Amino acid sequence: MTILGAIQPMLTSGLDGDNAWRLEHYLKRGGYSALKKVLAEKISPDEIIGEVKKSGLRGRGGAGFPTGLKWSFMPRDYQGNKYVVCNSDEGEPGTFKDRDILRYNPHSVIEGMAIAGYAMGASCGYNYIHGEIWEIYKRFEEALDEARSAGLLGANILGSGFDFDLFAHHGYGAYICGEETALLESIEGKKGQPRYKPPFPANFGLYGKPTTINNTETFASIPWIVNLGGDAFLNAGKPNNGGTKIFSISGHVNKPGNYEIPLGTPFSTLLEMAGGMRGGRRLKACIPGGSSSPVVPGDVMMQCTMDYDSIAKAGSMLGSGAVIIIDETVCMVKALERLSYFYYEESCGQCTPCREGTSWLYKIVHRIENGNGREDDLELLESITGNIMGRTICALGDAAALPVQSFVKHFRDEFIYHIEQKKCLVPVDIQRAGSGFFSALS
Amino acid sequence: MLTTESLQRIDREIEKYPADQKQSAVMAALAIAQEERGWLSNETIEFVANYLGMAPIAAYEVASFYSMYDLNPVGKYKLTVCTNLPCMLSGGVDAAEYLKAKLGIGFNETTVDGKFTLKEGECMGACGDAPVMLVSNRRMCSCMGPEQIDRLLAELE
């Protein structure tokens with residue numbers, strides 16, 4: 001993980017050397033001091049939730065829902081098990097921050113989840129880890145063993161009377177399980193198909209018990225907030241956009257990777273941190289919040305700051321903070337074709353508008369890309385997206401529709417050229433040079 | 001049907017969940033069974049279902065829903081290449097084409113010597129390291145240019 005500039009990172013500070021993920025190293029850099037403080041001072045759950053609310057922390061998985069508010073939805077007087085669940089099923093194209101948090105700083109997630117368990121009266125948690133990152137899953141299991149051995153997890157943590165145990169659940173390849181209720185179904189050993197809401201997980205979650213699900217980065221932010229206070233976290237970002245955030249930069253930059261910056265940092269600064277545009281080429285477009293967020297033209301993106309509000313104003317979403325950088329060598333029809341294929345592949349098949357609609361979207365974009373587009377195809381795409389959006393149980397339908405709408409809106413000329421000329425506006429040899437793969441051969 | 005070692009691993013997974021929720025271990029149990037048997041036949045799935053006390057069809061639903069389970073035999077090594085957009089921008093599709101040419105097979109095919117099966121993957125959550133590929137579900141390989149692919153194939157000989 002790369003950290004640059006004069007910024008005080010919260011999630012990635014002190015991560016030097018190969019053993020930074022180990023408990024010993026985490027303790028040396030002040031780890032578990034927040035959990036110890038909470039237990040020793042017997043800070044009340046209400047006070048913790050109040051501090052999280054004050055911090056302005058918003059869900060880092062993509063939806064940006066205020067975390068403190070979410071925690072306050074958990075029933076207080078419920079008799080029986082309650083659960084906290086961490087969503088590390090990171091499969092949104094462009095996002096790879098949670099993998100690095102778990103790889104380099106797993107104990108920050110464990111500590112954050114234990115504090116969350118204390119604040120919401122839950123004594124058990126699960127961390128659902130993306131199927132493709134087996135090595136990270138194994139490491140997290142090892143970190144859990146370390147925490148258990150040190151008395152930081154399990155029964156009567158540090159003699160406080162508070163019990164909390166935590167387990168890792170390994171996914172096996174399904175994008176939809178990043179949707180929180182699909183994830184719960186998956187932990188229950190079923191197909192990952194989203195549930196109807198309401199009831200919301202706070203009332204009917206894992207095994208039908210009250211459950212709160214947060215993203216990995218969200219939990220990792222909690223120790224910092226408890227140690228230094230909600231105000232300090234809020235002030236590190238900007239109003240309504242508290243804290244720092246890890247952005248995953250992929251695509252046509254010189255140094256793809258994760259960068260932790262305060263919310264509100266100019267996009268141009270972030271681009272510079274990532275080494276600038278590869279080959280000095282022009283920024284054609286940017287997908288600022290993972291593949292499900294609408295694409296933004298390059299010149300508009302250059303005027304944005306990286307926070308929920310500024311990106312929303314530019315017509316997109318901050319999402320999970322996955323910034324996909326697209327330069328002028330890319331055919332936007334081809335780019336959309338690949339994204340549409342993804343949603344078609346990953347639709348769980350439960351709702352007809354999504355199951356059938358994602359298939360139609362892909363087939364139509366595919367035929368435009370391959371020179372078989374029809375004159376009314378763009379209208380057809382608009383009509384199909386309109387008939388998917390808002391008509392499905394979960395957000396995958398909207399996530400499939402938004403890229404189509406935004407690509408066609410901002411790059412309409414390229415789509416029309418494809419339909420009329422039956423070829424790409426961007427010459428094929430330029431496209432081929434863009435990835436840099438074959439230049440390594442010559 | 002499965003070795004004692006595999007069953008012990010499955011037992012450890014069962015312990016993670018409440019006593020009346022053994023089905024929660026089905027994903028891990030199927031993965032462990034696949035690791036041992038190479039792929040999941042109906043008989044293997046049924047065995048896992050019976051072991052966990054769940055209906056075989058419910059275990060089959062899980063095995064057929066998640067993409068990393070193989071319901072048909074695969075080669076000694078399964079290479080899954082991510083071709084999704086962020087990877088594609090940095091050579092993911094090119095890497096897949098390079099592998100197809102080198103191995104003489106397409107996606108979902110196995111080399112005649114039974115050594116390699118090639119699969120097209122979706123986002124593995126490692127887009128900054130593109131091109132990315134996964135060897136037999138377990139080992140992720142990053143920044144796979146032509147030279148790195150050649151080296152990997154030689155190593156897996």
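Each chain gets a letter, A, B and so on, in the order its sequence line appears, and its residues count up from 1. Note that the structure is predicted; figures quoted are calculated from it, not measured.
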Query raised in the report: Taking A:Y207 for the side chain and B:D20 for the main chain, is one N or O donor matched with an acceptor at less than 3.5 Å?
Result: no
Query - Beyond-backbone contact of B:F65 with A:I176, side-chain heavy atoms, under 4.5 angstrom - result: yes
Report summary line: residues 28-36 of chain B vs chain A, non-hydrogen distance cutoff under 4.5 Å, contacting residues -> B:A31, B:Q34
Requested in this report: Could you check if a side-chain atom of B:L89 sits within less than 4.5 angstrom of a side-chain atom of A:T329, using non-hydrogen atoms only?
Outcome: no
Query raised in the report: Heavy-atom distance under 4.5 Å between the side chains of A:I287 and B:L85, does that happen here?
Result: yes
Query - Any donor-acceptor pair under 3.5 Å from A:S250 side chain to B:G128 backbone - result: no
Query raised in the report: Among A:S186, A:A168, A:G171, which has the most heavy-atom pairs under 4.5 Å with chain B?
Result: A:S186
Requested in this report: May I ask you to test the A:I133-B:M124 pair for a side-chain heavy-atom distance under 4.5 Å?
Outcome: no
Query raised in the report: Between B:Y98 and A:F437, what is the ring plane arrangement, given parallel below 30°, perpendicular above 60°, and tilted in between?
Result: perpendicular
Query - Test side-chain contact (heavy atoms from CB on, under 4.5 Å) applied to A:C177 and B:Y66, step by step - result: CA-CA 10 Å; A:C177 289; B:Y66 298 91; 3.7 Å; yes
Query - Contact winner vs chain B - A:G349, A:G251, A:A322, heavy-atom pairs under 4.5 Å - result: A:G251
Requested in this report: Select one option (side chain, backbone, both, neither) describing which atoms of A:H130 are under 4.5 Å from chain B's heavy atoms.
Outcome: side chain
Report task. Apply the test ring pair (Phe, Tyr, Trp, His ring centres under 6.0 Å) to residues B:Y17 and A:F167: give CA-CA distance (whole Å), side-chain angles for both, the deciding distance (0.1 Å), then the verdict. Result -> CA-CA 9 Å; B:Y17 308 97; A:F167 304 95; 7.3 Å; no
**Report entry** Stepwise salt bridge (charged side-chain N to carboxylate O under 4.0 Å, His left out) check, B:R138 with A:E132
**Finding:** CA-CA 7 Å; B:R138 292 296 191 233; A:E132 284 83 350; over 6 Å; no
Query raised in the report: Under a 4.5 Å heavy-atom cutoff, which of B:M68, B:M144, B:R139, B:Q21 has the most pairs with chain A?
Result: B:M68
Query raised in the report: What part of A:I324 lies closer than 4.5 angstrom to a heavy atom of chain B: side chain, backbone, both or neither?
Result: side chain
Report task. Report yes or no: does B:S90 contribute a side-chain atom to a donor-acceptor pair with the main-chain N or O of A:S435 at less than 3.5 Å? Result -> no
Query raised in the report: Are B:R12 and A:E141 close enough for a salt bridge, meaning some N to O gap below 4.0 Å?
Result: no
Query raised in the report: Hey, which of A:Y126, A:F96, A:Y341, A:Y175 has the most heavy atom pairs under 4.5 Å with chain B?
Result: A:F96
Query raised in the report: Taking C-beta and beyond as the side chain, do A:R99 and B:M140 meet within less than 4.5 Å on heavy atoms?
Result: yes
Query raised in the report: Once you round to the nearest 0.5 Å, how far does CD of B:E97 lie from CZ of A:F438?
Result: 7.5 Å
Query raised in the report: Any side-chain heavy-atom pair from B:K16 and A:H169 closer than 4.5 angstrom?
Result: no
Report task. Apply side-chain contact (heavy atoms from CB on, under 4.5 Å) to the pair B:E122 and A:E345, showing each step before the final yes or no. Result -> CA-CA 9 Å; B:E122 289 301 344; A:E345 265 289 307; 3.9 Å; yes
Report task. Would you check if A:W134 and B:N137 make a side-chain contact, meaning some heavy-atom pair closer than 4.5 Å? Result -> no
Query raised in the report: Would you say the side chain of A:E188 lies within less than 4.5 Å of the side chain of B:Q23, judging by non-hydrogen atoms?
Result: no
